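Naming convention: chains lettered A, B, ... in sequence-line order (proteins, then strands); numbering from 1 in each chain. This one's a predicted model, so the numbers in the text were calculated from it and none came from an experiment.
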There are 2 protein chains.
Amino acid sequence: MNIGEAAKLVGLPPKTIRYYEEIALVTPGRDANGYRAFSEPDLHKLRFLARARALGFSIEDCRVLLALYEDDTRESAQVRAIAQEHLARIDEKIAGLKALRGTLAHLVSACAGDDRPDCPILDDLGG
Amino acid sequence: MNIGEAAKLVGLPPKTIRYYEEIALVTPGRDANGYRAFSEPDLHKLRFLARARALGFSIEDCRVLLALYEDDTRESAQVRAIAQEHLARIDEKIAGLKALRGTLAHLVSACAGDDRPDCPILDDLGG
DNA sequence: CTTGACCTTCCCGTAACTGGAACCCCTATC
DNA sequence: GATAGGGGTTCCAGTTACGGGAAGGTCAAG
């Protein structure tokens, strides 16, 4: 199967798939004409990657998760640790954004937003 | 004033300040020896930038906000529009992260995290 | 006179791709 | 047989907002 069809099936742009091959996350074979040939296992991996990336895991996390996925002797604790760490990072990010949002919303609501130059937002930024 | 002292006063790394000069957000003068010479207005701009960046505004937003800050004829509506747009982006980001967080937390709690290979997280990723 | 702490410029690397150029392959049609 | 199109291929540059580090100039102190 060519890259275009594979891309449609797994929901990733061809460019992204080529990139994943470049960094050795997938290693599709090649046809005689040089075109990449995706097998079912390749597609499965790509779907795994698409899902993991959609959950916000970094490429390097994905690499490790994929390795664990293919390792029958893995311990679920390893997987859970990665996911929990990621969850903690997400919580941090949410907390940071909420704090931002609070300040920003306050400033926006204090600003008249009309044709006059007076602006509490700029006042805040300017100190 | 040299860059090191300026950096301490405004709370930005020297590298960042040099970068801001490179992209023309600030234009400090130069001493005879080639060292950057920061004036009070320069410091004020840098503090403005530091604060705006801390609120998550992009560099390009900062550029516009700074211009508005220095424009007596501005209309606060222009500033408010930028801030409100930024606020909307932040809300989107928070919503996205919360959705992620929900799925992820669910998976993590479903995973035993012991020495056995069975793992709902990988099961989910693998489809 | 040297040491150490500054400063300067310049270039590379980051994350995870995206866009584009230049070129090859395959099929269909005129 | 030439051509047009819609694939595919590689490689290079750009994105965001800096950070690291090299090579070298400057300055005050001991």
Show me the pairs that pass salt bridge (Lys or Arg N to Asp or Glu O under 4.0 Å) and involve residues 107-121 of chain A, at least two apart or across chains.
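As it turns out, the salt bridge (Lys or Arg N to Asp or Glu O under 4.0 Å) pairs with a partner in residues 107-121 of chain A, which skip direct neighbours, are A/Asp114-A/Arg116.
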Apply salt bridge (charged side-chain N to carboxylate O under 4.0 Å, His left out) to A/Asp124 and list each qualifying residue two or more places apart in sequence or on a separate chain.
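Checked A/Asp124 against salt bridge (charged side-chain N to carboxylate O under 4.0 Å, His left out); matches are B/Arg51.
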Taking only residues two or more places apart in sequence or in another chain, which ones pass salt bridge (charged side-chain N to carboxylate O under 4.0 Å, His left out) with A/Glu60?
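Partners of A/Glu60 under the salt bridge (charged side-chain N to carboxylate O under 4.0 Å, His left out) test: A/Arg63.
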Listed nucleotide nearest any side-chain atom of A/Tyr20, set C/dT9, C/dA16, C/dC17:
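Side chain of A/Tyr20 sits closest to C/dC17.
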To the nearest Å, how far apart are [X] [atom1] and [N] [atom2]?
{"X": "B/Asp31", "N": "C/dC6", "atom1": "CG", "atom2": "P", "result": "17 Å"}
{"X": "A/Glu5", "N": "C/dC26", "atom1": "CD", "atom2": "P", "result": "17 Å"}
{"X": "B/Lys8", "N": "C/dC6", "atom1": "NZ", "atom2": "C1'", "result": "10 Å"}
{"X": "A/Ile23", "N": "C/dA15", "atom1": "CD1", "atom2": "P", "result": "11 Å"}
{"X": "A/Glu21", "N": "C/dA16", "atom1": "CD", "atom2": "C1'", "result": "16 Å"}

Taking side-chain contact (heavy atoms from CB on, under 4.5 Å) as the definition, give me every residue that meets it alongside [X], ordered by chain and number, with sequence neighbours left out.
{"X": "B/Pro14", "answer": "B/Ile3, B/Ala7, B/Arg18"}
{"X": "B/Asp123", "answer": "none"}
{"X": "B/Glu70", "answer": "B/Lys45"}
{"X": "B/Ser109", "answer": "none"}

Using a heavy-atom cut-off of under 4.0 Å over every strand shown, decide if B/Arg18 touches base, sugar-phosphate, or nothing.
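It contacts base atoms.
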How does each nucleotide of nucleotides 18-25 of chain C score, in 5' to 3' order, for protein heavy atoms under 4.0 Å: base (B), sugar-phosphate only (S), or none (-)?
SBB----B
Quick one: which residue pairs count as a ring pair (Phe, Tyr, Trp, His ring centres under 6.0 Å) with a foot in residues 79-109 of chain B, not counting sequence neighbours?
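Sorted result for residues 79-109 of chain B: B/Phe57-B/His86.
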Once you round to the nearest 0.5 Å, how far does CD1 of B/Ile121 lie from CG of A/Leu68?
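B/Ile121 atom CD1 to A/Leu68 atom CG measures 10.5 Å (nearest 0.5 Å).
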First and last nucleotide of DNA chain D in contact with chain B, 5' to 3', at under 4.0 Å to a heavy atom: what are they?
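Both ends considered, the range comes out as D/dA17 to D/dC27.
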Within residues 44-57 of chain A, residues whose heavy atoms come under 4.0 Å of DNA chain C:
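Heavy-atom cutoff 4.0 Å gives A/Arg53.
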Have a look at the helix from C/dC1-D/dG30 to C/dC30-D/dG1 and give the angle its two end axes make, five pairs each, rounded to 10 degrees.
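The two end axes of the helix from C/dC1-D/dG30 to C/dC30-D/dG1 meet at 40°.
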Linked, directly or transitively: B/Ile17 and B/Tyr35 (ILVMFWY side chains, under 4.5 Å)
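In one cluster with B/Ile17: B/Tyr35, no.
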Using OP1 and OP2 only, check whether a side-chain N or O of B/Arg36 sits under 4.0 Å from C/dC7.
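Checking C/dC7 against B/Arg36, no side-chain N or O comes under 4.0 Å of OP1 or OP2.
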For the student: nearest non-hydrogen atoms of A/Leu100 and B/Leu55, plus distance:
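Distance-wise, the nearest heavy atoms are CD2-CA, 3.4 Å.
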Taking all atoms of both residues into account, what is the closest heavy-atom pair of B/Leu25 and B/Leu66, and its distance?
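So the minimum-distance heavy-atom pair works out to O-CD2, 3.7 Å.
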Using only atom types and a distance under 3.5 Å, with no angle test, would you say the side chain of B/Asp71 pairs donor to acceptor with the backbone of B/Thr73?
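Flag set: sc B/Asp71 to bb B/Thr73 pair under 3.5 Å.
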